[in-house]
Amino acid sequence: MFKITDYAERLLQDLETPNVIILHGLGGNGESGWGADMQKYFTENSIQSIAPTFPNSSNPEYSEWKQFFEENILERITPQTIIFAHSLGGGFLQKYLSEENVKVKFSELVFVAPTIGDCGIAEISNFFTKEFNYQKIAASVENIFIYAGGNDPYITTEEFTFLAEKLSAQLILNENQEHFWGDWKLEQLPELKEKCTKTIASVLDWPEKIKAMQRNWIGKSTGAEIDFQVENSDEKIRVYTTRPDTLFGATYFVLSPEHPLVEKITTPEQNNEIAQYKVTCAQKSELERTELNKNKTGVFTGSYVINPVNNKKIPIWIADYVMMGYGTGAIMSVPAHDERDKEFAEKYNLEILEVIDGLENPFQKTGGIVKNSDFLNGLSVEEAIEKMITFLEEKKLGEKTINYKLRDWIFTRQRYWGEPIPLVFDENGKSFALDNSQLPLILPESANYEPSETGESPLSKITEWVHVSGYITDENTVIICKESEVPENKHFQNFTRETSTMPNWAGSSWYWLRYMDSKNSDEAWSHNAEKQWGPVDLYVGGAEHAVLHLLYARFWHKAFYDLGLVSTKEPFKKLVNQGLILSYAYQRKSGGLVPSDEIEEKDGKFVEISTQEPVEKIVAKMSKSLKNVVNPDDIVEAYGADTLRMYEMFMGPFEQSKAWDTTALEGMNRFLMKIWRLFSEKEISEHCPSKELIKLTHQTVKKVSEDIDNFKFNTAISQMMIWVNAFQKLDTIPKISGGKFVRLLSPFAPHLAEELWQKFAPEDETISFRSWPSYKEELLVEDEATYAVQVNGKLRGDFTIAKDASKEECIAQAKQLERVAKFIAEAENSGGQIRKEIFVPGKIVGFVVK
RNA sequence: GCCGAGAUGGCGAAAUUGGUAGACGCGCGAGACUCAAAAUCUCGUUUCCUUCGGGAAGUGUGGGUUCGAUUCCCACUCUCGGCACCA
């Protein structure tokens, strides 16, 4: 198994965008130098950042800085925050985080040449009166980095090393660098710039939907675990609850049927019934258990627990709506404020006691005031949770707990096709990793891929592969070899190999790293290749990967990050989900679906051929049973791959599901034929096109280029259609314009574009080696503007005027428009007058007449 | 139930720092070419009214802000996708 649960918190945290705080040093400020550069860089890349300036930074007073920090900065620190702290800013933070009553938690702390001690500078001696609490600093933050120069005049390399060791921080030392001066530019500090770049690269530009699915899958909740004493017994039962504030309202207790204490606490009278119920539950399939979730069942054990806050006796039941796999497998039931508990309590006639007041819906999880609860009465739910946890922790009855739905990952498969696992077992069953020199471990050849009758992996039947000999190295790894090759001081012995293979997820959890260095025969990937290429800039795939592949991939990548094998915390920068292509299907009034080949169209309506019953045209997933599957091979055969590609791009927004429509596809084929005729029937000339057409060509280059960046292929194609419609009116095609167009077309319709390019550059092997066309912004500037004229917000006409016409000119011109004058006159006749004149340069002239 | 996305002509859609709603395409209608058809080209195509100048309404529903709302705010309806006895 893989212990993915250890990464649950980080897999959750890193879905959120970080915010950055940059602290300057002695005599510095937040408005200039590399701190300000850094802030700008982050902001440009949609990361919130601040670079505040401390008061009296040249003559600093710790208490003053502390006050400023707490008033202006503290509230911005979240678990996602990254703090860059330069020089004295770093010294300040060491001191501040060491203070006993300071409680902050954040993600990353990047020290940049931090002061250690007072560096012999009198002005800052008040910052360094005592030894810092390094343990506390390290506990406040997940990762600490120290960037430093080997020739720093204030702090020695030994001191940096000391700090790195104390904080378990990563020290990035540039031997030739001295102090990182605050007024330097970010460009002068390449290591730091790279750190920023990597931070930006690690921010997930993912659809909210996928992030939400991952959050949901990880399923974090906070609450408390509470021990309940079983009456007349030494046993305690521990429950997990997110609502410790409702402890006084707990009126019964439920264990999962698989809970280990069930047998022990069941009374003799209840024994039969409990045993029977357990058998019933064990026989229920997964499906039955979910299907039956509306009809709860359970059995009383005969025993009671004591509620630790009021010593009330609470009956213990078992029920299969409580699962062993989550929390502690036992719950305290508060039927007044939990829907499931209420349903169960009503069915079995158990007590229901309200403890929260003032709720519209008794099951809502926030708001409300606690009642019937002794020392919690009158508190809000949030306050009561806090107070109850403190109470439980003080009395040693329980503690605050975090729970995740995410489970550990069973990684072994008993089948042939999978990567074999490089582990061997000695004769006592102790496991060893194969030595690096033995890798990669290759799947043995076999004629038999079927699993064995015992359910063991097919590999277990290849005995000559399973049973091997070798020795254990000093690193506790195993080298397989002949007896003669064993070094003198080592013991030759027998091993058996692990015969399970890895799941399909194994390869998909790291393949992108291999892609970065696919020819490397010494290692899976080199650090340099990863640094150069990683992380993956853009990952296009289906939303069905939201919680398996994409979560596993993130998990592996984080494990690699911890091992220092990759330089970013996240593998995929931007994720885009393409929409599904759906298809039309036909539905009877009764709801049944009819295959499309049993449908005919009559007067624009659709009827079932056999019965003539009208049916409705709907959009549905392609499936064999609906006979609405479109086979791309048939489309390529009939129209060509270019038509298919372009039609799919033109159908609508990339991320949206869209219905296939073969008649619309023919329109795309028509467009491509039109392009073909345009360039083959008309001569390509050296004529200079008109000013308008030059402008159109440049507009088209701009629009198509930008739309590609934004995945807006549909509107890029619209623009190309506009271009073609305009140029087909000409007798000859100007070479420059046509050449630009064909290059724009090439990623959309590569076959056609390649063919057409021969007319422009027959010497070229392929159009792909040509550069992307460029456009000139100055050619796009209009010299005339068309103004829409509104009276009281309604469009009443328009006029065209020179681009640089003044407000006064435009308003005068607008007033002369017949319809405008008419409406103004009408309003004035009924007692109104012009109250306001609106002028939006280049767009609108408006009059408000009242 | 919870989470996420969406709703614009006959159809796929376009337009958001608030500024001429419907670009582009499909379909449909008319015309040109043709003996004829296909292909191609041209024109028209949100709805209603019209004295043919125009006028009114209109982006799921109901409110609000604004000179002006597909765009911003509040409430709601429906559709699609995901999760679901998680305490």
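These figures come from a predicted structure and were not determined experimentally. Proteins come first, then strands; the chains are lettered A, B, ... in the order of their sequence lines, and each starts at number 1.
Comparing the P positions of B/G9 and B/U46 gives an interatomic distance of 13 Å, to the nearest angstrom. The separation of B/G82 from B/A87, taken at their C1' atoms, amounts to 22 Å, rounded to a whole angstrom. B/U61 and B/G10 have their P atoms separated by 14 Å, with the value rounded to a whole Å. Separation of the P atoms belonging to B/G18 and B/U8 is 23 Å when rounded to the nearest angstrom. Taking atom P in both B/C26 and B/A21, one finds a spacing of 26 Å when rounded to whole Å. Look at the P atom in both B/A15 and B/U20: the space between them is 14 Å, to the nearest Å.
The side chain of A/Gln656 places an N or O atom within less than 4.0 Å of a non-bridging phosphate oxygen (OP1 or OP2) of B/A13. Between A/Lys211 and B/A5 there is no side-chain polar atom (N or O) within less than 4.0 angstrom of OP1 or OP2. Regarding contacts with the backbone of B/U20, every side-chain N or O of A/Tyr787 stays at 4.0 angstrom or more from both OP1 and OP2. Phosphate proximity of B/A39 to A/Arg670: absent, as no side-chain N or O sits under 4.0 Å from OP1 or OP2.
Here the nucleotide nearest the side chain of A/Val322, chosen from B/C3, B/C67, B/A87, is B/A87. Listed candidates were B/C24, B/A13, B/A87. Nearest to the side chain of A/Ser221 is B/A87. With B/A14, B/G19, B/A5 as the candidates, the nucleotide lying closest to the side chain of A/Val840 is B/G19. Side-chain atoms of A/Gln790 lie closest to B/C67 of the nucleotides B/C67, B/A15, B/C85. Of the candidate nucleotides B/C24, B/U20, B/C67, B/U20 has the atom lying nearest to any side-chain atom of A/Thr786. Side chain of A/Met721, nearest nucleotide from B/A87, B/G25, B/G4: B/G25. In the set B/A15, B/A87, B/C41, B/C41 carries the atom at the smallest distance from any side-chain atom of A/Arg677.
In this entry the distance linking CG of A/Leu406 with P of B/A84 reads 13 Å, nearest Å. The distance between atom CZ of A/Phe650 and atom C1' of B/G12, rounded to the nearest whole Å, is 8 Å. Atom CG in A/Leu247 sits roughly 17 Å away from atom P in B/A87 (whole-Å rounding). One atom, CD of A/Glu343, and another, P of B/G1, lie 15 Å apart when rounded to the nearest Å. At whole-Å resolution of the value, OH in A/Tyr404 and P in B/C83 are 22 Å apart. To the nearest angstrom, C1' of B/G25 lies 13 Å from CG of A/Leu672. The separation between A/Asn669 atom CG and B/U40 atom C1' is 14 Å, rounded to whole Å. Residue A/Glu544 contributes atom CD, which lies 21 Å from atom P of B/G4 at whole-angstrom precision.
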Can you pull every protein N or O that's under 3.5 Å from an N or O on nucleotides 80-82 of chain B?
| residue | atom | partner | partner atom | Å |
| --- | --- | --- | --- | --- |
| B/G81 | O2' | A/Lys209 | NZ | 3.4 |

Polar-atom pairs under 3.5 Å, protein N or O versus N or O of nucleotides 8-11 of chain B: list them with distances, or write none.
none

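As judged by a 4.0 angstrom heavy-atom cut-off over every strand, A/Ile838 is placed among the base-contacting residues. At the heavy-atom level, A/Gly846 lies nowhere under 4.0 Å from the strands shown. At a threshold of 4.0 angstrom between heavy atoms, the contacts of A/Asn714 are confined to the sugar-phosphate backbone, with no base atom among them. Residue A/Lys405 is in base contact, counting any heavy-atom pair closer than 4.0 Å across all strands shown. Using a 4.0 Å heavy-atom criterion, one finds that A/Arg835 contacts no nucleic acid atom at all. Using a 4.0 Å heavy-atom distance criterion, A/Pro653 is classed as a sugar-phosphate-only contact.
Base orientation of B/G55: anti, the glycosidic angle falling outside 90° of 0. Base orientation of B/G60: anti, the glycosidic angle falling outside 90° of 0.
Separation of the A/Tyr252 and A/Phe344 ring centroids falls under the 6.0 Å cut-off. The distance between the ring centers of A/Trp660 and A/Tyr584 does not fall below 6.0 angstrom. No close placement of the A/Phe253 and A/Trp317 rings is indicated, their centers lying 6.0 Å or farther apart. For A/Tyr787 and A/Phe839, the distance between ring centers is under 6.0 angstrom.
The number of heavy atoms from other shown groups lying within 6.0 Å of CD (A/Glu837) is above 12. The environment of NZ in A/Lys347 is crowded: more than 12 heavy-atom neighbours from other residues, nucleotides or ligands sit within 6.0 Å.
Here A/Asp6 pairs with A/Lys3 under the salt bridge (Lys or Arg N to Asp or Glu O under 4.0 Å) rule; sequence neighbours left out. A search for side-chain contact (heavy atoms from CB on, under 4.5 Å) contacts involving A/Gln578 returns A/Val540, A/Phe654, not counting sequence neighbours.
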Pair assignment for RNA chain B - dot-bracket with | for other-strand partners, Watson-Crick or G-U under 3.5 Å: (((((((..(((......[....)))((((((.......))))))((((....))))..(((((..]....))))))))))))....
Protein proximity profile, nucleotides 42-56 of chain B - base contact B, sugar-phosphate-only contact S, no contact -, cut-off 4.0 Å on heavy atoms: S------------SS
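Residues A/Gln214 and A/Arg554 have side chains that bring a donor and an acceptor to within less than 3.5 angstrom of each other. Side-chain N/O atoms of A/Asn628 and A/Lys621 include no donor and acceptor closer than 3.5 Å. At a cut-off of 3.5 Å, with distance as the only test, no side-chain donor of A/Glu666 or A/Thr663 sits close to an acceptor on the other residue.
Under 4.0 Å is where a charged nitrogen must lie from a carboxylate oxygen, and between A/Glu208 and A/Arg215 at least one such pair does. Checked for salt-bridge contact, A/Glu655 and A/Lys712 miss the test: no charged N lies under 4.0 Å from a carboxylate O. Look at A/Glu225 and A/Arg238 and you find a salt bridge, because one of the NZ, NE, NH1 or NH2 atoms lies within 4.0 Å of a carboxylate O, short of that distance.
Note: A/Thr242 OG1 to A/Asn403 CG = 10.0 Å, rounded to the nearest 0.5 Å.
Between A/Val848 and A/Ala788, the residue anchored closer to the 5' end of RNA chain B is A/Ala788, taking for each the nucleotide with the nearest heavy atom. Taking the nucleotide of RNA chain B with the nearest heavy atom to each of A/Tyr240 and A/Ile844, the more 5' of the two is matched to A/Ile844.
Minimum interatomic distance between A/Ala788 and A/Leu795 (heavy atoms only, all atoms of both residues): CB-CD1, 3.8 Å.
With a 6.0 Å cutoff to the six-membered ring centre and a 45° limit on the axis angle, A/Lys220 does not count as a cation-pi contact of A/Tyr404.
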